[in-house]
Participant: 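So that we are looking at the same thing, I have put the structure below in structure tokens.
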Amino acid sequence: MTYKYNIFFICALMLSIIACSNDDDDDTPVSVPENDRTEQQVVDNDSLVDYLNTHYYNATEVNAISNPTVADVVITELLEGETLPSGTALLISAVETKTTTYLEVDYDYYILKIKQGGGSNSPYFSDSVRVNYSGNLLNEEIFDSSVVPRVFDLVNPDIIPGWRKVFPEFNVASAFTTSSGIVTFENYGMGVMFLPSGLGFYAAYRSSIPSYSNLIFKFELYQSQVNDHDMDGVPSYFEDIDNDGEVFNDDTDTNLFSNFVDQDDDGDGVLTLNELEPTEYIINTNLGEIEPLLAAKEFEISKTEDSGIITIKTVKIVDSNNDGLDDYLDENITINYN
Ligand SMILES: [Ca+2]
Ligand SMILES: [Ca+2]
Ligand SMILES: [Ca+2]
Ligand SMILES: [Ca+2]
């Protein structure tokens with residue numbers, strides 16, 4: 001487990017350097033006046049549904065591949081009067097329709113799920129993910145794609161909200177192998193997302209992406225890593241207090257730092273990390289001991305292994321006065337557990 005995470009971090013660091021240099025081209029977003037989101041969603045959804053009704057993909061061919069890649073999925077327009085070629089599926093009958101509320105507007109978006117992914121976990125919306133992807137507009141123009149797998153923090157401001165909605169619907173790879181420095185992933189999540197502009201870049205204009213563009217991303221989801229952005233012991237996905245799948249709008253102490261980047265969430269002077277109950281587990285695997293199951297609001301903050309002895313440190317959220325408000329969010333409780 002430790003080995004896997006180390007690999008992840010090293011690659012994440014390397015890839016973020018590559019990613020940064022790639023982003024230096026003339027792709028700076030330009031703002032234009034924003035359309036009404038509800039009206040724009042109607043227009044966008046009409047375009048998306050029309051696209052899904054008039055395009056098909058090579059279903060039989062792709063489904064026969066055990067680890068299909070972005071390049072294997074071919075979407076083709078069904079011309080007027082043409083019959084659907086055998087071995088293909090019309091997108092409208094192959095996609096799952098999803099709905100979400102974002103910035104108080106209800107959005108429909110569509111997922112073509114080709115492989116669920118065989119790994120045991122799915123990313124949380126605030127995790128970092130390692131993916132391969134190719135993004136194009138409805139006119140087929142590819143505006144961005146990864147040459148090698150890239151790592152993205154899904155709550156980075158540059159990341160579109162649609163990615164936070166879609167990746168948690170898939171599982172990561174079941175395994176990976178490394179040979180001559182090349183990492184190969186097995187049985188990863190794979191699909192295509194069809195997003196309205198409101199879950200994309202919306203009004204922002206880039207050289208290759210006009211304002212209000214609906215976006216299509218083909219992707220392969222390899223790995224994910226739970227983020228705790230402020231390192232306060234509470235994972236970022238758990239700092240979404242209103243449970244709307246976004247972390248930017250939760251600020252318990254209204255100090256303008258959202259909880260996921262606030263180390264003292266209730267502003268009571270005791271750091272969140274100190275308002276959590278710490279536990280250390282020592283597991284001697286040489287004696288056949290196994291790792292404990294953690295409580296519902298207990299999170300691992302470190303894990304080390306040495307000669308078969310595993311040491312796990314956790315923190316647990318507590319509500320010491322049982323008023324339904326956890327201590328780290330309760331400014332009237334200031335117990336310091338450290
Ligand atoms: Ca939220
Ligand atoms: Ca705050
Ligand atoms: Ca926090
Ligand atoms: Ca408190």
Side-chain angles (χ1 to χ4, degrees), residues 34 37-38 41 98-109 122-129 152-169 195-196 198-202 224-279 294-303 313-321 323-338:
E34 287 212 350
R37 278 193 170 255
T38 306
Q41 160 61 2
K98 301 279 176 182
T99 56
T100 188
T101 304
Y102 178 67
L103 298 179
E104 295 174 2
V105 175
D106 293 332
Y107 284 101
D108 284 347
Y109 58 103
S122 294
Y124 291 104
F125 69 91
S126 55
D127 285 0
S128 287
V129 293
F152 295 94
D153 179 346
L154 291 177
V155 299
N156 183 300
D158 290 339
I159 297 296
I160 56 170
W163 278 31
R164 291 193 281 281
K165 314 295 175 193
V166 173
F167 286 122
E169 301 277 345
L195 303 173
L199 298 179
F201 296 106
Y202 203 53
S224 66
Q225 171 76 50
V226 174
N227 281 327
D228 176 6
H229 291 89
D230 55 11
M231 294 186 286
D232 65 357
V234 181
S236 293
Y237 70 86
F238 213 85
E239 301 226 46
D240 174 23
I241 305 296
D242 63 359
N243 220 11
D244 69 346
E246 295 289 339
V247 283
F248 307 106
N249 57 358
D250 308 274
D251 180 10
T252 299
D253 60 5
T254 63
N255 69 344
L256 302 182
F257 287 95
S258 301
N259 286 18
F260 84 110
V261 287
D262 191 339
Q263 295 191 318
D264 179 9
D265 291 297
D266 55 8
D268 64 0
V270 182
L271 294 178
T272 292
L273 188 61
N274 291 330
E275 292 204 70
L276 307 174
E277 198 177 271
T279 305
L294 302 188
K297 292 182 174 181
E298 182 178 16
F299 307 108
E300 182 180 302
I301 53 170
S302 72
K303 181 177 183 177
K313 290 183 179 173
T314 69
V315 288
K316 189 164 72 181
I317 292 174
V318 280
D319 174 14
S320 55
N321 63 347
D323 67 348
L325 197 55
D326 296 322
D327 288 7
Y328 79 106
L329 299 176
D330 187 340
E331 62 179 343
N332 297 314
I333 301 289
T334 52
I335 303 167
N336 186 332
Y337 284 93
N338 289 311

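Every number for a ligand or one of its atoms is a count from 1 in the order of the listing. Atoms considered below: every heavy atom in the structure, side chains included; atoms not considered: hydrogens, waters and symmetry mates.
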Participant: By atom name, which N, O or S atom belonging to Asp232 lies closest to the Ca ion (ligand 3)?
Facilitator: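 This residue's closest N, O or S atom turns out to be OD2.
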Participant: Can you check side-chain hydrogen bond (donor to acceptor under 3.5 Å, both in side chains) on Asp265 and Thr252, steps first, answer last?
Facilitator: CA-CA 6 Å; Asp265 291 297; Thr252 299; 5.9 Å; no
Participant: With distance as the sole test, does Thr314 use its side chain to make a donor-acceptor pair with the main-chain N or O of Glu298 at under 3.5 Å?
Facilitator: no
Participant: When you look at CZ of Phe257, are more than 12 heavy atoms from neighbouring residues, nucleotides or ligands closer to it than 6.0 Å?
Facilitator: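 Open: at most 12 neighbouring heavy atoms sit under 6.0 Å from CZ of Phe257.
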Participant: Check whether Asn274 reaches the backbone of Asn338 with its side chain - one donor and one acceptor, N or O, closer than 3.5 Å.
Facilitator: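 Such a contact is absent between Asn274 side chain and Asn338 backbone.
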Participant: Would you find more than 12 non-hydrogen atoms of other residues, nucleotides or ligands less than 6.0 Å from Glu331 atom CD?
Facilitator: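 No.
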Participant: Would you mind naming the N, O or S atom of Asp251 nearest to the Ca ion (ligand 2)?
Facilitator: OD1
Participant: Quick one: report the N, O or S atom of Asp244 that is nearest to the Ca ion (ligand 1).
Facilitator: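 It is OD1, the N, O or S atom of Asp244 closest to the Ca ion (ligand 1).
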Participant: Name whichever N, O or S atom of Asp230 ends up nearest to the Ca ion (ligand 3).
Facilitator: OD2
Participant: Mind running ring pair (Phe, Tyr, Trp, His ring centres under 6.0 Å) on Phe167 and Phe125 for me, showing each step along the way?
Facilitator: CA-CA 7 Å; Phe167 286 122; Phe125 69 91; over 10 Å; no
Participant: What N, O or S atom of Asp250 is found closest to the Ca ion (ligand 1)?
Facilitator: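 Result: OD2.
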Participant: Which atom, counting only N, O or S, brings Asp253 closest to the Ca ion (ligand 2)?
Facilitator: OD1
Participant: Could you check which N/O/S atom of Asp262 is closest to the Ca ion (ligand 3)?
Facilitator: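 Looking only at N, O and S atoms of Asp262, the one nearest the Ca ion (ligand 3) is named O.
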Participant: Any N/O/S of Tyr328 under 3.0 Å from the Ca ion (ligand 3)?
Facilitator: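 No, Tyr328 does not qualify, because none of its backbone or side-chain N, O or S atoms lies under 3.0 Å.
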Participant: Using a cut-off of 6.0 Å, state whether more than 12 heavy atoms not belonging to Tyr124 lie near its atom OH.
Facilitator: no
Participant: Is there an N/O/S atom in Thr254 that lies less than 3.0 Å from the Ca ion (ligand 2)?
Facilitator: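 Here the distance criterion (N, O or S atom, under 3.0 Å) is not met by Thr254, so no.
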Participant: Please confirm whether the backbone N or O of Val270 pairs with a side-chain atom of Asp268, one donor and one acceptor, at under 3.5 Å?
Facilitator: yes
Participant: Report yes or no: does Phe257 have an N/O/S atom closer than 3.0 Å to the Ca ion (ligand 2)?
Facilitator: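 Short answer: yes, at least one N, O or S atom is under the cut-off.
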Participant: Please find out if the Ca ion (ligand 2) and some N, O or S atom of Asp264 are separated by less than 3.0 Å.
Facilitator: no
Participant: Taking the N/O/S atoms of Asp240 one by one, which is nearest to the Ca ion (ligand 1)?
Facilitator: OD1
Participant: Taking just the N, O or S atoms of Glu246, which one is nearest to the Ca ion (ligand 1)?
Facilitator: O
Participant: So, the side chain of Asp327 versus the backbone of Glu275: is there a donor-acceptor pair under 3.5 Å, distance only?
Facilitator: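 Not at all, since once roles are kept as given, no pair shorter than 3.5 Å links the two residues.
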Participant: Using only atom types and a distance under 3.5 Å, with no angle test, would you say the side chain of Asn259 pairs donor to acceptor with the backbone of Glu239?
Facilitator: no
Participant: Rounded to 10 degrees, what angle sits at the Ca ion (ligand 3) between Glu239 OE2 and Asp265 OD2?
Facilitator: 110°
Participant: Where the Ca ion (ligand 1) is the centre, what is the OD1-to-OD1 angle for Asp242 and Asn249, rounded to 10°?
Facilitator: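 That angle works out to 110° after rounding to 10°.
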